[in-house]
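Everything on this sheet refers to the single structure shown next.
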Amino acid sequence: MSKMNLLQAINSALDTAMAKDDTVICFGEDVGHFGGVFRATSHLQEKYGKARCFNTPITEQGIIGFANGAAAAGMRPIAEIQFADYIFPAFDQIVNETAKYRYRSGNEFNVGGLTIRAPYGGGIHGAHYHSQSPEAFFTHIPGIKVVVPRNPEQAKGLLLAAIYDPDPVVFFEPKKLYRASQGEVSDVEYTLPLGKADRVREGTDITLVAWGAQVPVLEQAADMAEKDGVSCEIIDLRTLLPWDRDAVAESVRKTGRLLINHEAPKTSGFGAEIAADIQTECFLYLESPIVRVTGLDTPFPLAHEKEYMPDHLKTYEAIKASLNY
Amino acid sequence: MSKMNLLQAINSALDTAMAKDDTVICFGEDVGHFGGVFRATSHLQEKYGKARCFNTPITEQGIIGFANGAAAAGMRPIAEIQFADYIFPAFDQIVNETAKYRYRSGNEFNVGGLTIRAPYGGGIHGAHYHSQSPEAFFTHIPGIKVVVPRNPEQAKGLLLAAIYDPDPVVFFEPKKLYRASQGEVSDVEYTLPLGKADRVREGTDITLVAWGAQVPVLEQAADMAEKDGVSCEIIDLRTLLPWDRDAVAESVRKTGRLLINHEAPKTSGFGAEIAADIQTECFLYLESPIVRVTGLDTPFPLAHEKEYMPDHLKTYEAIKASLNY
Amino acid sequence: MSDQRNTNADIVHKARFISGHAMKIPTLRVLQQNGKIYRNAELPDIDQELALKIYDTFLFIRALDERMLASQRQGRISFYMTETGEEANDIGSAAALHPDDIILAQYREQGALAFRGFTVDEFMNQIFSNEKDLGKGRQMPIHYGCDRLNYYTISSPLGTQIPQATGVGYALKAQGKKNCAICYFGEGAASEGDFHAALNMAALLKSPVIFYCRNNGYAISTPAHEQYAGDGIAARGVGYGMKTIRVDGNDILAVLLATQQARKLAVEDHEPVLIEAMTYRLGAHSTSDDPSGYRSRKEEDLWRKKDPVARMRHWLEAKGWWDEEKEKSTLEKYRADVMAAMKKAEKVPAPPLEDLINDVYETPPWHLREQLDALKGHIRQYPDEYKKTAWRLNDE
Amino acid sequence: MSDQRNTNADIVHKARFISGHAMKIPTLRVLQQNGKIYRNAELPDIDQELALKIYDTFLFIRALDERMLASQRQGRISFYMTETGEEANDIGSAAALHPDDIILAQYREQGALAFRGFTVDEFMNQIFSNEKDLGKGRQMPIHYGCDRLNYYTISSPLGTQIPQATGVGYALKAQGKKNCAICYFGEGAASEGDFHAALNMAALLKSPVIFYCRNNGYAISTPAHEQYAGDGIAARGVGYGMKTIRVDGNDILAVLLATQQARKLAVEDHEPVLIEAMTYRLGAHSTSDDPSGYRSRKEEDLWRKKDPVARMRHWLEAKGWWDEEKEKSTLEKYRADVMAAMKKAEKVPAPPLEDLINDVYETPPWHLREQLDALKGHIRQYPDEYKKTAWRLNDE
Ligand SMILES: Cc1ncc(C[n+]2csc(CCOP(=O)(O)OP(=O)(O)O)c2C)c(N)n1
Ligand SMILES: Cc1ncc(C[n+]2csc(CCOP(=O)(O)OP(=O)(O)O)c2C)c(N)n1
Ligand SMILES: [Mg+2]
Ligand SMILES: [Mg+2]
């Protein structure tokens with residue numbers, strides 16, 4: 001065990017995978033010698049050579065196209081997109097290629113070895129183009145998995161699981177927590193299951209669901225609510241596609257109330273899918289409407305970032321409103 | 001008034017706009033001399049010259065990038081994407097540029113003149129890459145509008161509204177209905193309001209919501225249900241972003257039941273947003289869970305297209321199940 | 001690391017704009033239309049066996065394309081694309097490769113697949129989307145793919161296979177294999193951003209790939225001069241710092257020669273190569289297209305005279321390796337083979353319903369299993385409405 | 001329509017691969033570092049007034065960049081990007097344009113904006129995201145934009161402005177204006193697919209655009225030789241059939257000369273032009289970057305000796321248009337101006353809360369109005385937690 005921040009945990013996962021399996025290659029813009037603009041790939045080129053950890057030109061569509069090909073030919077490529085905001089030039093390669101490779105070929109070929117890493121979310125004064133949370137787009141793409149860790153321990157275990165998973169995975173890292181989130185992490189290899197939610201806190205009055213950097217926000221809000229005597233159950237979804245509906249439904253059947261929190265804009269955010277499905281699953285158990293506390297339906301702002309964010313206060317107020325419905 | 005099919009109505013809208021306003025230009029792959037692979041731009045080059053209706057090279061990102069620039073510089077570009085399946089290379093230009101142009105510049109610049117047209121949906125044995133219904137992705141992009149017509153009359157009025165609208169519009173055309181849907185259409189200019197749903201049929205027992213080619217499917221199912229004595233209210237959303245929540249909520253408050261139908265895969269389809277929002281708005285009025293009848297969470301298939309589709313039979317069964325809940 | 005640009009060489013003091021047509025790349029041609037080899041021409045490595053295998057594949061593809069075109073007109077199949085007039089490109093280049101070299105095709109390269117041994121039944125099963133289709137009936141006709149033959153499954157979105165080929169080549173190199181990838185695409189697809197990404201990355205990462213551009217004059221209705229303003233696609237290779245050659249794509253020997261040498265550069269030196277082949281799409285773009293709307297019969301006739309199959313046949317006959325009799329019997333045999341296989345494939349049922357949700361993921365997750373179960377229940381309720389799949393459920 | 005390719009010219013019979021380095025494009029340089037003009041050099045159209053306006057802008061930008069870098073280190077602003085060492089590029093090329101020509105910049109071209117008359121207050125208001133910022137405080141520092149000055153608002157995603165420039169140029173032509181667009185981008189951004197789309201479309205559609213590539217050796221930590229393998233970006237222009245020139249980007253006269261002529265080609269002949277300027281990013285990529293991790297001080301010093309500002313100053317002094325005294329007083333004045341404007345801008349409040357939802361659409365739709373109302377209610381409940389905006393709500 002070592003004390004690590006989330007970035008070091010990512011680096012440790014990559015290091016672990018590269019040491020074990022020489023089909024693992026890491027690449028992206030500034031990923032080589034420099035170790036990436038956030039330093040997630042630090043020292044990997046030194047350790048494993050330029051052929052296995054390298055810079056690419058600035059072309060996200062090329063990076064993912066290249067990664068698809070390498071994966072189809074038997075490698076385990078880990079492609080870094082410098083910011084999730086810059087993943088869109090690769091959207092076609094992901095929607096039409098990555099996600100459909102196995103299906104369209106009748107399983108003659110697949111790109112299951114592929115993992116796409118990208119830092120996402122606000123909190124660094126990054127405005128429109130260094131803050132987006134685009135995960136919902138990816139949950140509408142059958143054929144890929146979507147994973148978001150909330151802390152260093154989760155990050156290493158989930159990333160290793162993603163790397164070895166037989167399906168392609170888009171792995172969004174909460175950059176706000178890169179250095180802020182610290183914890184004890186095992187130095188050896190371990191994996192955490194994909195597709196399984198994690199119950200972070202038990203409670204009886206309301207279920208709170210989030211992922212990544214919003215999980216600590218839920219905890220803050222739950223602490224406030226606790227003082228009012230409200231017992232919150234907190235679920236970290238961890239995998240968004242396929243998501244763990246049973247875990248959420250089971251909890252809601254117990255608590256009768258559900259709140260979903262995400263940074264992304266509200267309309268067609270992933271909270272919509274959870275709410276739509278859970279109102280079907282738990283119709284007779286719901287004591288108040290499922291509530292979404294989310295970013296606004298605007299581009300991600302700068303001067304008003306604080307106002308935009310679905311913070312602990314908005315969450316706390318929404319918990320109260322749900323309880324008082 | 002003339003009898004037109006949906007394609008002719010589109011062509012008539014383009015012709016009307018180009019005749020009236022010489023900042024309107026139409027372009028895309030095979031759009032010029034040939035008039036487009038579906039012939040939506042037939043004769044426009046002949047009438048208005050090569051400078052206003054022209055072929056582009058095969059580069060969707062270039063087409064929309066070019067269109068963004070032309071719109072910012074005061075034109076009303078109408079860009080055709082040959083199939084909605086091929087809009088993804090342009091996704092970055094749409095998400096990060098089109099949608100944010102006005103906001104990021106503090107309204108110094110905007111691309112409100114832009115309209116993007118693309119045929120979408122199944123029904124032509126097109127499999128993975130000539131059948132997709134990607135509208136839900138676009139509903140998660142603040143800054144654009146998303147419009148889908150269901151018949152020739154609607155197509156002309158909505159397309160003209162989109163062309164003149166001060167915001168950029170993505171206009172998806174149900175290619176299955178291009179020739180199949182026929183009707184009387186006014187030969188002169190008229191517009192239908194964006195952001196307003198259309199109540200296609202009045203009813204009292206359940207509200208059915210869809211858009212584009214699925215509206216006729218709802219009508220078929222409603223006819224079947226009618227024979228069982230069930231009275232269905234049918235709403236064509238027409239604009240998906242911003243959608244007409246009040247119209248749907250008002251109807252659901254009356255009927256107590258809601259069914260949403262779309263061709264796209266279920267998970268994070270636009271039905272999720274409607275369901276999530278309406279369960280909040282109409283919580284105390286709902287007599288059964290909101291139900292989504294949709295495509296499967298798979299790529300769009302070929303051999304099993306019929307099985308995949310959210311057809312009238314599946315819709316009819318879902319109506320019955322909702323009533324019997 | 002560090003700045004290795006040379007910014008001091010070749011300094012000039014007057015503004016001279018380099019013309020957009022400064023680069024004129026010649027075309028390699030070895031064989032004349034009459035079957036005679038140019039004097040002093042360089043010859044590819046070819047013996048009678050290889051020559052006849054190539055020609056045999058030509059005739060098979062002619063029989064296949066002819067029959068499928070007719071079948072589409074009869075309504076027996078929904079869609080088809082011929083490669084008539086372009087056979088020397090994919091077949092000639094495939095003939096220059098090792099079977100373990102990986103092929104990434106656009107869609108008009110069935111000849112390369114046939115050359116590798118895809119059986120007529122395999123073609124038919126794909127075209128009829130039946131349960132024996134390797135692709136499990138999921139894609140439109142002509143979207144072939146075959147792991148056994150190292151032919152990656154075709155995907156409609158244009159250009160996407162090009163950066164993938166760069167990745168495939170890189171993987172082959174990383175795995176220490178003495179192989180390369182070949183990537184086919186049209187001059188239209190070369191306008192996509194993916195093309196740019198692919199060639200730049202390949203040149204930079206020294207990925208062993210042969211980028212083979214079939215410049216056949218059209219992208220659906222759009223003629224090449226409305227696709228680009230430069231000297232074709234070849235001139236771009238130089239911009240990427242990539243070895244480049246232009247060939248007459250209707251000349252089997254030129255294609256074979258260029259590809260054999262390109263393969264050497266790719267496999268031995270890890271040098272990617274761009275080949276631009278000048279050819280012509282004699283047929284319609286696809287069965288959904290009618291070229292009379294955008295080009296003249298006269299133009300087509302001009303190119304019909306440059307037919308690559310006839311050109312090779314003249315050469316073979318001059319060599320004494322081929323004659324009228326062989327021509328007739330081979331064509332007849334392939335026509336019969338295709339017809340028989342078609343009749344067989346037509347009768348093979350559609351894939352089972354499970355294949356609707358299989359292979360989205362390696363193992364279907366809960367939501368797909370749930371959707372399948374619901375669908376089965378529904379079909380059992382309306383068996384007459386879903387005949388293709390209902391009969392199997394009754395068996396269960 | 002119809003096939004207009006020439007497939008019969010320049011036929012060869014031996015396989016000769018064209019080398020990836022077949023195209024060697026020379027660099028235009030007019031001014032030596034010591035301020036002397038090369039003998040026989042072609043000169044741009046420049047008089048004392050223009051020369052001094054350019055040099056004045058140089059000094060303003062030096063003062064601005066220096067102060068903002070320091071302010072970021074002090075924590076007064078969150079982010080900044082300098083253009084130190086590259087000033088001749090954007091300022092020299094902007095000086096060749098008409099004010100109605102449209103500028104689409106990447107992010108390191110504040111000099112072009114200053115040249116057009118963006119005031120020091122306008123700079124500061126943007127950098128401090130205050131309510132006077134033309135961009136309404138929505139984007140990170142340095143993302144300037146100004147309709148009055150025909151300078152389109154900067155967007156971080158690399159390359160997106162390049163095809164937009166093609167569209168802007170096309171619009172200008174369609175509107176019958178005698179203007180062009182200029183589009184700036186780095187050698188790194190030129191790897192994006194958007195670059196390929198843009199140049200191909202511009203050449204084809206004859207869109208009056210000057211594509212100005214600042215090849216400054218690095219894209220963050222990635223040196224140019226890990227960005228491309230060819231002869232820089234210029235060699236690509238020829239591939240698109242576009243007139244192309246390479247200049248010494250540290251030579252103000254070369255930049256001015258090339259851009260003046262390029263503008264003529266663009267506006268009079270509707271010929272797009274590619275200019276590649278060889279320069280060097282002397283500072284860090286941005287205030288988030290530390291170049292010592294990827295390059296040597298020695299290399300930086302080498303380029304510091306090629307400083308474009310000093311080079312021009314030598315020339316101006318030789319002409320008798322400038323002296324030490326003017327240098328000192330101008331720099332002092334600009335330093336004071338920037339400092340004063342900064343202190344002023346720091347105190348201007350943030351934009352009102354409404355600007356969070358305004359301009360997403362021309363008119364806010366119901367859902368945004370609803371979200372704003374809810375937010376206002378919430379902030380009124382917790383005014384101390386949202387100090388930047390709460391005070392205004394109390395006024396209402
Ligand atoms: C991304 C994308 N855009 C558009 C299309 C529609 N489309 C199919 S084939 C084609 C023309 C391709 O021309 P070319 O690459 O020259 O190949 P050819 O058909 O001439 O062999 C087009 C535009 C597509 N399949 N994919
Ligand atoms: C689409 C996209 N990908 C990645 C980035 C992150 N990024 C910002 S600047 C930069 C380097 C750009 O280099 P270059 O174009 O050479 O310009 P320079 O900084 O040298 O002026 C990168 C990779 C981005 N802004 N946009
Ligand atoms: Mg072609
Ligand atoms: Mg650079």
Side-chain angles (χ1 to χ4, degrees), chain C residues 1-5 7 10-15 17-30 38 40-42 191 193-197 200 203-204 217 223-226 228-231 235-245 257-258 261 265 273 278 280 294-296 299, chain D residues 1-5 7 10-15 17-30 38 40-42 191 193-197 200 203-204 217 223-226 228-231 235-245 257-258 261 265 273 278 280 294-296 299:
Chain C
M1 299 293 102
S2 86
D3 183 15
Q4 303 183 2
R5 297 167 307 154
T7 52
D10 299 322
I11 301 293
V12 294
H13 309 308
K14 292 196 198 311
F17 289 79
I18 297 172
S19 146
H21 296 90
M23 196 92 212
K24 280 272 176 227
I25 299 180
T27 305
L28 172 69
R29 190 187 292 154
V30 173
Y38 283 100
N40 300 327
E42 195 178 348
S191 296
D194 274 5
F195 164 89
H196 178 61
N200 188 35
L204 205 50
H225 67 273
E226 296 194 6
Y228 55 76
D231 178 30
R236 296 182 195 165
V238 180
Y240 299 116
M242 189 182 291
K243 284 212 185 324
T244 299
I245 194 167
L257 173 63
Q261 298 202 2
L265 288 166
V273 178
M278 309 310 285
Y280 191 84
Y294 52 85
R295 68 188 193 191
S296 66
E299 179 184 300
Chain D
M1 299 296 104
S2 86
D3 183 15
Q4 302 183 3
R5 296 166 308 154
T7 51
D10 299 322
I11 301 291
V12 294
H13 309 309
K14 291 194 198 313
F17 289 80
I18 295 170
S19 147
H21 296 90
M23 196 94 211
K24 280 273 174 227
I25 300 181
T27 307
L28 173 69
R29 189 187 293 153
V30 173
Y38 282 98
N40 300 328
E42 195 176 348
S191 296
D194 274 5
F195 163 90
H196 179 61
N200 188 37
L204 205 51
H225 67 273
E226 296 193 7
Y228 55 76
D231 179 31
R236 296 182 196 165
V238 181
Y240 298 115
M242 188 181 293
K243 283 210 186 321
T244 299
I245 194 166
L257 174 63
Q261 298 202 2
L265 288 166
V273 179
M278 308 310 284
Y280 191 84
Y294 52 84
R295 69 188 192 189
S296 67
E299 178 183 301

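Basis for what follows: all heavy atoms, side chains included, without hydrogens, waters or symmetry-related copies.
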Side chain, backbone, both or neither: which part of [X] has a non-hydrogen atom closer than 4.5 Å to chain D?
{"X": "Arg5(C)", "answer": "side chain"}
{"X": "Ala224(C)", "answer": "side chain"}
{"X": "Tyr38(C)", "answer": "side chain"}
{"X": "Ser296(C)", "answer": "neither"}
{"X": "Ile11(C)", "answer": "both"}
{"X": "Met23(C)", "answer": "both"}

Nearest non-hydrogen partners of Arg29(D) and Thr7(C), listed with the distance
NH2-O, 3.7 Å
Toward chain C, the part of [X] with a non-hydrogen atom under 4.5 Å:
{"X": "Asn200(D)", "result": "side chain"}
{"X": "Ala22(D)", "result": "both"}
{"X": "Phe17(D)", "result": "both"}

Only pairs of heavy atoms separated by less than 4.5 Å count here; which of [options] has the most with chain D?
{"options": "Asp231(C), Asp10(C), Val273(C), Asp194(C)", "result": "Asp10(C)"}
{"options": "Ser191(C), Ala203(C), Ser19(C)", "result": "Ser191(C)"}
{"options": "Ala235(C), Gly193(C), Ala229(C)", "result": "Ala229(C)"}

Among [options], which residue forms the greatest number of heavy-atom pairs with chain C at distances under 4.5 Å?
{"options": "Leu257(D), Val238(D), Thr244(D)", "result": "Thr244(D)"}
{"options": "Gly237(D), Gly241(D), Ala197(D)", "result": "Gly241(D)"}
{"options": "Ala41(D), Ala15(D), Pro26(D)", "result": "Ala15(D)"}

Can you tell if the side chain of Pro223(C) reaches within under 4.5 Å of the side chain of Asp3(D), non-hydrogen atoms only?
no
Using side-chain heavy atoms (C-beta onward) and a distance below 4.5 Å, is Ile18(D) in contact with Ile25(C)?
yes
What's the verdict on side chain to side chain contact (heavy atoms under 4.5 Å, CB included) for Lys14(C) and Asn40(D), showing C-alpha distance, side-chain angles and the deciding distance?
CA-CA 8 Å; Lys14(C) 292 196 198 311; Asn40(D) 300 328; 4.0 Å; yes
Which value, rounded to the nearest 0.5 Å, describes the distance between Ser2(C) atom OG and Glu299(D) atom CD?
5.0 Å
Between NE2 of His21(C) and NZ of Lys243(D), what distance do you get to the nearest 0.5 Å?
9.0 Å
